Amino acid sequence: TKEGNLRAEIAREADQQQALAKNQALIAAKKKKPDDASSVGTMDENTALANKAAAQALASQEVYTKVGQAGKDTSQTRAQDLLKEELKHVQMSFRLFRLRLLSLWLACNFTFVLFIMNFNLLN
């Protein structure tokens, strides 16, 4: 269902956000200790990695926010969509009723005129 897919999407985005946060923490730790033997690469590489991780985190946060808002709005939009569909259905059924009533009225009048003309009831 839509709601199930939305929840799965939100959970996936949350997992990605947590992974990015861990990566940012590791990069920040490497920035603080550039002389440590465990640090890999130069400071420029670490800065590039940090910038890339920050950009990914920002994009992920925007998507997460949009998905979260979509999750909140889905119930409202679904209710509005149902109301619109119900209104269209009621309008269509009224149009059909009006068409049938008018057709019946015309057919009755036509039959009445034919009856009078065939049996010469006017004379």
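Remember, predicted model here, so these are calculated numbers, not experimental data.
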Please evaluate residues Val113 and Met117 with respect to the criterion side-chain contact (heavy atoms from CB on, under 4.5 Å), reporting the C-alpha separation (whole Å), side-chain torsions for both, the decisive distance (0.1 Å), and the verdict. CA-CA 6 Å; Val113 168; Met117 290 178 72; 3.7 Å; yes
Intermediate values then yes/no, side-chain contact (heavy atoms from CB on, under 4.5 Å), Leu102 and Arg98: CA-CA 6 Å; Leu102 182 62; Arg98 189 174 57 198; 5.7 Å; no
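Between Arg95 and Leu99, every side-chain heavy-atom pair lies at or beyond the 4.5 Å cut-off.
When hydrophobic clusters are built by joining Ile, Leu, Val, Met, Phe, Trp and Tyr residues whose side-chain heavy atoms come closer than 4.5 Å, directly or via intermediates, Phe112 is grouped together with Phe119.
Taking CG of Leu101 as the reference point, atom CG of Leu96 lies at 12.5 Å (rounded to 0.5 Å). Atom CG of Leu106 sits about 10.5 Å away from atom OG1 of Thr111, to the nearest 0.5 Å. Atom NZ of Lys84 sits about 9.5 Å away from atom OG1 of Thr77, to the nearest 0.5 Å.
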